[in-house]
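Worksheet: one structure, shown below.
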Amino acid sequence: MLDFHSHLLYGIDDGVKDRAQSLEILAEYKAAGIDHVVFTPHLYNPYVTTAVKDIRAHFADLHQAVLELGVETYLGAELFVRHQELKTIPVLGRYALCEFDVYSEPLGFCDLIDRTLMQGMGNEIVIAHVERYTWLEPGGQRAQEMKSRGYLFQVNAESVADDVSSRARKWLDSGMVDLIASDNHGRTSGSAQVLVRAYEKFPRIAAKMKEIEDGIR
Ligand SMILES: [Fe+2]
């Protein structure tokens, strides 16, 4: 199984702080059957300080260390989209994972997002934790426009694994959700199981995730 969105690369953003914790959590992932994990540190998020200069070195180190555990890791990023420079590391070389301000929609935002693709940073857009944005409703015109542009929608495992939040419920009922991921910022105990339970609960979405996973093999 695959975790598409995580902050488990130590010492980079507001996720895992140190190497030992990364190793501990990834060992737990392996035990739960999650053996492909994408690290997606925040980029350009105005509320998070990201040590961009350390990303590649920490990834090289951790990638090697957890191979021995039987976990394959990949480097991506979570790009905060607003009117600024748009540079990212596409997830699995293909997917530009995008997040936004929770309360206000960026002006002309579909065109803004598409600029990411035009700059060669991925082939597909994935909207991170779509249940979070107060300005985006699954039945609304904005969501329809995004769907028609082929964007994919991700919900967080935490929002759906046990008690489904009311906002996540709306998105699930609309049938628009394509991906589930942990967005794990370093919660240790049981975090892998949350993702597993979410996949078990939503087999249709888990099957889509499997297609993504098969694409990397
Ligand atoms: Fe995230």
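What you see is a predicted model, and the numbers here were worked out from it, not measured in a lab. As the structure lists them, so they are numbered: ligands from 1, and atoms in each ligand from 1. Quick note: residue numbers are just sequence positions, from 1.
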Quick one: sort the [X] and [Y] rings into parallel, tilted or perpendicular, breaks at 30° and 60°.
X      : Y      : answer
His5   : His129 : tilted
Phe100 : Trp135 : perpendicular
His185 : His7   : parallel

- Task: Begin with the C-alpha distance, continue with both residues' side-chain angles, and end with the deciding distance and a verdict on side chain to side chain contact (heavy atoms under 4.5 Å, CB included) for Leu152 and Ile127.
- Result: CA-CA 6 Å; Leu152 302 171; Ile127 307 298; over 6 Å; no
Atom name of the N, O or S atom in [X] that lies nearest to the Fe ion (ligand 1):
X      : value
His5   : NE2
Asp183 : OD1
Glu78  : OE1

- Task: Examine all N, O or S atoms of His129, backbone included, and report whether one is under 2.8 Å from the Fe ion (ligand 1).
- Result: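 For His129, the answer is no, given that no N, O or S atom comes within less than 2.8 Å of the Fe ion (ligand 1).
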